[in-house]
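Here is the structure we will look at, set down as structure tokens.
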Amino acid sequence: MIPEQVENLIGGKRVPARGGEWLEKVRPADETLLCRIARSGADDVEDAVAAARAAQPDWADRTAVSRGDVMREFALLLRERREEASAIVMEETGKPEELAFGETDAAVEMGLFIAGEGRRSYGRTTTASMEHRTVLTMRQPLGVAALVMSFNTPLPNVAWKAFPALFCGNAAVVKPSEHTPASATFFAELALEAGVPPGALNVVQGLGDEAGASLVAHPDVDLVSFTGSARTGRAINEVAARRLAKTCLELGGKNALVVCDDADLDNAVRWALASAFSNAGQRCASASRIVVLDPVYDEFRQRLLEAAGPLAPQPVISRESLERILDALGEAREAGATVLTGGERLDRPGWYLAPTVVERAAPDASISRTELFGPVTVLYRTGSLDEAITLVNDSPYGLTAAIHTASVHRAMRFAERVQAGVVVVNAGTHGSEPHMGFGGVKDSGTGWREAGIESLDVYSDSKVVNLVVDPAKA
Ligand code: NAD
């Protein structure tokens with residue numbers, strides 16, 4: 001299913017990198033070689049951007065209804081091929097079947113939601129101060145979009161960007177993560193099969209600081225839409241800002257789940273585990289901090305540890321990632337934190353770390369402020385809800401947050417005061433559904449929202465049309 005060599009997809013054709021070089025992609029679950037991927041450079045990016053530029057005007061000339069119809073075919077084809085798509089994701093990431101299928105289905109739903117916009121892209125009309133005029137807004141495509149993304153949920157990551165980018169009449173060049181090359185190519189080849197014209201959706205494989213950097217710096221790229229770490233996002237923003245390109249950044253999180261003393265503790269434990277450890281903690285919305293009010297701290301801690309022990313570990317994406325997480329845990333121990341469970345590499349092939357719970361880390365310690373993107377969560381004890389809110393907000397990030405409480409008053413106080421783009425009451429620090437805007441504040445992003453109709457604002461410009469309806473009287 002995954003070819004031995006994953007090439008680029010440019011102008012509708014599979015092509016190797018011009019330099020003829022390849023990178024090795026290894027399975028996280030057992031460290032065996034999965035495939036080789038094209039190691040692309042500036043020449044390959046040049047070809048892909050040129051193909052996108054050439055394809056874009058005709059694609060944009062189609063009606064929104066027609067582009068929506070193609071998006072529907074595309075989404076339905078992905079649904080038809082969901083087993084294949086999920087199997088590719090499982091091989092690339094080592095994640096369990098249940099997650100891989102769930103993610104494929106989420107990508108399909110995003111496509112169906114966007115397809116519906118073909119007949120529902122409501123705009124605005126407004127008044128004019130001068131007589132005999134009417135004023136309306138229309139959406140315009142931007143041109144060529146660079147879509148650069150993380151590995152963690154590879155199909156939703158590309159779907160959240162490609163469906164709205166294409167629907168809005170743009171052409172795009174995708175630079176998938178070097179850790180998940182095959183799912184992006186599979187996705188783009190389905191697009192062709194579904195009727196997206198050759199060149200409208202291209203894929204350039206390779207490394208971030210080679211293919212990715214060339215793409216972001218390309219003068220003919222009108223929009224950069226990026227999902228990944230704050231560090232890379234900052235670098236991308238600096239490059240794109242030089243030519244004033246529109247830039248949408250969806251970045252990391254150090255999401256907190258707060259447990260109040262009136263919470264249903266069974267429910268809180270269940271959601272804390274799912275939030276912290278699902279997908280080996282490699283979720284931008286993962287609960288890497290759990291803040292518990294003093295009266296229930298000890299009981300919550302005990303129940304959490306009992307339930308975390310038997311969880312099946314899932315691999316992290318790479319050796320580098322595992323080593324980075326283990327180093328961070330070592331540093332935390334040296335700074336006085338205690339690892340209550342997990343914390344060691346498992347004695348088996350693959351990049352496995354058992355679900356890890358840390359305690360007694362200072363709020364300003366590195367482990368409290370740095371996103372580890374692994375199965376690690378830190379427990380904090382606080383005296384009151386206000387103290388908890390202060391602790392939650394004392395973070396460079398502001399993506400998602402959750403509170404467990406029986407009190408509407410506490411829930412609303414938290415929702416109002418917490419610095420986050422998404423707040424959840426009595427469930428997990430999870431992401432979003434296709435019809436809900438998703439994004440964060442502070443280092444978690446630049447204020448754009450992905451998914452939902454908000455995503456159309458990322459991939460289009462709004463043009464005001466000021467129309468004199470009766471020139472004779474104007
Ligand atoms: P990363 O920043 O290392 O890489 C993301 C992508 O950027 C990859 O495709 C990579 O090749 C590319 N890249 C790296 N350097 C580049 C450069 N100089 N120029 C252009 N492209 C470059 O992130 P990652 O490790 O793949 O993903 C983890 C991060 O993604 C976490 O911080 C996580 O929270 C974040 N994330 C955020 C969201 C969200 O919606 N906010 C969703 C998923 C993941």
Side-chain angles (χ1 to χ4, degrees), residues 253-279 281 283-311 332 337-343 355-365 367-369 371-372 374-395 397-431 440 444:
K254 194 75 187 173
N255 313 282
L257 182 143
V258 173
V259 183
C260 293
D261 49 8
D262 58 351
D264 172 342
L265 288 192
D266 284 338
N267 192 48
V269 167
R270 188 165 64 86
W271 281 110
L273 291 173
S275 302
F277 301 129
S278 164
N279 204 17
R283 296 167 54 243
C284 55
S286 107
S288 44
R289 297 185 295 157
I290 302 180
V291 182
V292 188
L293 265 58
D294 181 66
V296 290
Y297 183 90
D298 293 328
E299 187 176 350
F300 177 85
R301 173 185 184 273
Q302 188 192 335
R303 289 203 209 177
L304 184 78
L305 293 178
E306 277 168 16
L311 286 179
T338 314
V339 175
L340 298 172
T341 184
T356 299
V357 180
V358 176
E359 194 184 40
R360 295 185 203 287
D364 61 352
I367 199 163
S368 298
R369 303 183 70 78
E371 183 191 40
L372 296 186
V376 178
T377 194
V378 184
L379 282 173
Y380 304 86
R381 188 194 289 263
T382 56
S384 67
L385 178 61
D386 282 348
E387 247 180 75
I389 292 171
T390 304
L391 184 72
V392 173
N393 288 343
D394 182 16
S395 167
Y397 294 104
L399 192 54
T400 75
I403 184 168
H404 283 252
T405 177
S407 155
V408 171
H409 168 70
R410 282 174 150 184
M412 281 311 292
R413 185 177 180 80
F414 183 76
E416 282 166 10
R417 299 203 168 187
V418 77
Q419 295 165 351
V422 178
V423 178
V424 178
V425 177
N426 291 328
T429 51
H430 51 63
S444 294

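Heavy atoms only: backbone and side chains are in, while hydrogens, waters and symmetry mates are out. The shown structure was predicted, so the numbers you read here are calculated from the model rather than taken from an experiment.
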Original post:
Checking side chain to side chain contact (heavy atoms under 4.5 Å, CB included) against R413, which of R417, R410, E416 comes through?
Top reply: R417
Subject >> D364 backbone acceptor or donor facing D394 side chain under 3.5 Å >> reply: no
Original post:
How far apart are the closest heavy atoms of P363 and R369, and which atoms are they?
Top reply: O-CG, 3.7 Å
Original post:
Residues in salt bridge (charged side-chain N to carboxylate O under 4.0 Å, His left out) with E359, at least two apart?
Top reply: R301
Subject >> Side-chain donor or acceptor of T356 paired with backbone N/O of G342 under 3.5 Å >> reply: no
Subject >> Non-hydrogen atoms of Y297 and L379 that approach each other most closely >> reply: OH-CB, 3.5 Å
Subject >> Close side-chain approach of Y380 and V392, heavy atoms under 4.5 Å >> reply: no
Original post:
What's the shortest heavy-atom distance between Y397 and K254, and which atoms?
Top reply: CB-N, 3.6 Å
**OP:** Give the minimum heavy-atom separation between L385 and L293, together with the two atoms involved.
**Re:** N-CD2, 4.1 Å
Subject >> Side chain H404, main chain C260, donor-acceptor under 3.5 Å >> reply: no
**OP:** Report yes if the side chains of S278 and R283 come closer than 4.5 Å at any heavy-atom pair, otherwise no.
**Re:** yes
**OP:** Please step through side chain to side chain contact (heavy atoms under 4.5 Å, CB included) for the pair I290 and F300, ending with a clear verdict.
**Re:** CA-CA 10 Å; I290 302 180; F300 177 85; 3.7 Å; yes
Original post:
Taking S275 for the side chain and T429 for the main chain, is one N or O donor matched with an acceptor at less than 3.5 Å?
Top reply: yes
Original post:
Backbone N or O of T400 within a donor-acceptor pair of the N255 side chain at under 3.5 Å?
Top reply: yes
Subject >> Contact summary for A337 and V358, nearest pair of heavy atoms >> reply: CB-CG1, 3.8 Å
Subject >> Min side-chain heavy-atom separation D266-R303 under 4.5 Å >> reply: yes
**OP:** Dump the intermediate steps for side chain to side chain contact (heavy atoms under 4.5 Å, CB included) on V418 and N393, then the final yes or no.
**Re:** CA-CA 6 Å; V418 77; N393 288 343; 3.7 Å; yes
**OP:** Considering non-hydrogen atoms only, spot the tightest contact between E387 and G383 and give its length.
**Re:** OE1-N, 3.2 Å
Original post:
Are more than 12 heavy atoms from other residues, nucleotides or ligands located less than 6.0 Å from atom CZ of R360?
Top reply: no
**OP:** Would you sort out whether H430 and V422 count as a side chain to side chain contact (heavy atoms under 4.5 Å, CB included), showing the intermediate values?
**Re:** CA-CA 8 Å; H430 51 63; V422 178; 5.7 Å; no
**OP:** Starting at OG of S444, measure out to CD of E371 and round the result to the nearest 0.5 Å.
**Re:** 8.0 Å
Original post:
From T377 OG1 over to I367 CD1, what is the distance, rounded to the nearest 0.5 angstrom?
Top reply: 9.5 Å
**OP:** May I ask you to test the S395-R289 pair for a side-chain heavy-atom distance under 4.5 Å?
**Re:** yes
